[in-house]
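Computed over heavy atoms, backbone and side chain alike; hydrogens, waters and symmetry mates excluded. Each chain gets a letter, A, B and so on, in the order its sequence line appears, and its residues count up from 1.
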2 protein chains.
Amino acid sequence: MGPRAKTDTDKDLRQEIIDAAREIFVAEGYDHLSMRRVAEKIGYSPTAIYLHFRDKTELLREVCEEAFIKLGDAIASARRTGKDPLDVMKKGLFAYIHFGVANPHHYEVAFISPKDKIFRSDESSYEGSAGQRAFEMLSSSVTDCIAAGIFRPGDVAKISQTIWASIHGITSLLIMHEKFPFVEREALIDSVVETTVGGLTA
Amino acid sequence: MGPRAKTDTDKDLRQEIIDAAREIFVAEGYDHLSMRRVAEKIGYSPTAIYLHFRDKTELLREVCEEAFIKLGDAIASARRTGKDPLDVMKKGLFAYIHFGVANPHHYEVAFISPKDKIFRSDESSYEGSAGQRAFEMLSSSVTDCIAAGIFRPGDVAKISQTIWASIHGITSLLIMHEKFPFVEREALIDSVVETTVGGLTA
DNA sequence: CCCCATACTTAACAGTGTTAAGTTAGAAGC
DNA sequence: GCTTCTAACTTAACACTGTTAAGTATGGGG
């Protein structure tokens with residue numbers, strides 16, 4: 001049998017695959033996303049996917065890309081509501097955490113368990129990725145806070161990575177340890193941000 | 001064919017399985033640990049393992065248990081070298097982070113990706129686990145630091161979880177994002193601990 | 001000496017990502 | 001209009017995975 005009869009609802013099969021994959025991935029995560037399930041969902045054979053994506057990793061990277069852009073946008077737009085350098089930073093940190101909690105599967109693949117899964121084949125690992133973009137916004141906030149005399153002077157990279165550790169920590173704990181008896185979520189997020197920022201204040 | 005000829009080197013097969021599994025797991029992590037590889041390593045058929053462990057999860061839990069005890073011991077013994085409540089806490093935090101970095105696969109399974117993998121079947125999720133034990137030491141340090149007037153008064157659980165978020169954050173970042181251009185490791189760990197503790201100081 | 005339980009085995013199921021080879025439909029050339 | 005070629009799909013298969021069902025041999029107890 002040859003290719004499926006084309007219908008008027010046919011867009012690119014490539015986009016159709018991405019849409020199906022995203023649906024499964026968002027609902028059930030990486031482990032439950034299988035090529036055969038995607039294929040069944042779109043009504044093609046599993047191998048048809050390989051005509052449009054090199055492997056599962058590349059398919060999933062595509063699925064995540066839009067979420068990454070959304071993360072960057074969310075941070076950037078939250079930052080624009082900040083009144084001063086410190087407020088700009090805080091707004092960005094909250095946006096990062098809330099994005100992660102709201103998109104747990106995307107956050108998991110992108111930041112929690114990217115080791116052998118995604119972005120490893122990429123030689124330009126972090127170049128141009130969402131992590132890179134978000135991190136650059138954070139670094140510039142650190143620079144601004146130091147220049148404004150809000151933060152003590154220090155190595156911008158080290159300070160930025162320290163902050164990243166904190167917000168990544170709370171985000172991944174909230175995502176992965178659902179059963180742990182955390183205190184009220186927003187209060188805890190507040191505490192993490194305020195404590196970290198407070199520890200850097202002049 | 002019946003059971004393998006018993007040799008003088010035969011201990012419990014159960015222990016033999018655990019030893020083989022640990023070797024593979026420590027070297028290559030959860031994903032590369034397969035029942036068939038364990039079986040091959042010990043010279044039995046794959047199904048022999050199921051006579052001693054209910055499933056892969058239970059086998060791996062056994063493998064991790066000893067590491068958990070070592071984590072608790074490392075933290076407890078580091079804390080004993082502390083000179084005051086704050087120093088006791090800091091020594092424990094450093095011990096936690098260093099244990100994670102030194103035992104990445106154990107840390108990953110126990111704290112980073114425990115969702116559907118390990119400890120989920122357990123109804124008593126965190127009861128008596130290593131996380132529980134370590135967290136209790138942290139909580140008691142927080143109580144002590146508040147009592148000594150070192151920390152501002154506040155919700156002990158919230159403060160403890162805030163600290164945990166920070167040290168879990170740096171530990172998991174260092175483990176999972178090997179390629180990220182972090183600043184010098186010990187300096188960064190120091191910065192995380194000092195910043196977090198500093199943000200809580202009265 | 002026989003029976004039987006214990007401890008293992010082989011075979012198989014249902015699933016995974018992925019590749020090689022086969023088929024079919026439509027476009028291009030004459 | 002007929003042939004040829006190519007792009008897009010298919011089926012079959014490989015090498016794995018965790019796990020279960022059923023078969024088998026061995027050593028101990030009656």
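Between B:H32 and D:dT17 there is no side-chain polar atom (N or O) within less than 4.0 angstrom of OP1 or OP2.
Partners of B:E40 according to the salt bridge (charged side-chain N to carboxylate O under 4.0 Å, His left out) rule, which considers only residues two or more places apart in sequence or in another chain, do not exist here. By the side-chain hydrogen bond (donor to acceptor under 3.5 Å, both in side chains) test, B:T195 pairs with no residue at all, sequence neighbours left out. Legend: residues meeting side-chain hydrogen bond (donor to acceptor under 3.5 Å, both in side chains) with B:K158, ordered by chain and number and at least two apart, are absent. Qualifying side-chain hydrogen bond (donor to acceptor under 3.5 Å, both in side chains) partners for B:D87, counting only residues two or more places apart in sequence or in other chains: B:K91. Every residue meeting the side-chain hydrogen bond (donor to acceptor under 3.5 Å, both in side chains) condition with A:S166, not counting sequence neighbours, appears here in chain and number order: A:T196, B:S166.
Among the protein residues, A:L33 comes within range of the sugar-phosphate backbone only, with heavy atoms under 4.0 Å from sugar or phosphate atoms but none that close to a base. As judged by a 4.0 angstrom heavy-atom cut-off over every strand, A:S34 is placed among residues touching the sugar-phosphate backbone only.
In this structure, A:R36 and A:S45 both approach DNA chain D, and ranking their closest nucleotides by distance from the 5' end singles out A:S45.
Which of C:dC8, C:dT18, D:dT19 sits closest to the side chain of B:Y44 comes down to C:dC8. You'll find that the side chain of B:R37 is closest to D:dT17, out of D:dG18, D:dT17, C:dC8.
Side-chain atoms of B:T47 come within donor-acceptor range of the base of C:dT10, with a qualifying N/O pair under 3.5 Å.
Direction change of the helix axis from one end of the helix from C:dC1-D:dG30 to C:dC30-D:dG1 to the other is 30°, with five pairs defining each end axis (rounded to 10°).
A tilted orientation is assigned to the rings of A:W164 and B:F180, their planes being inclined by 30° to 60°.
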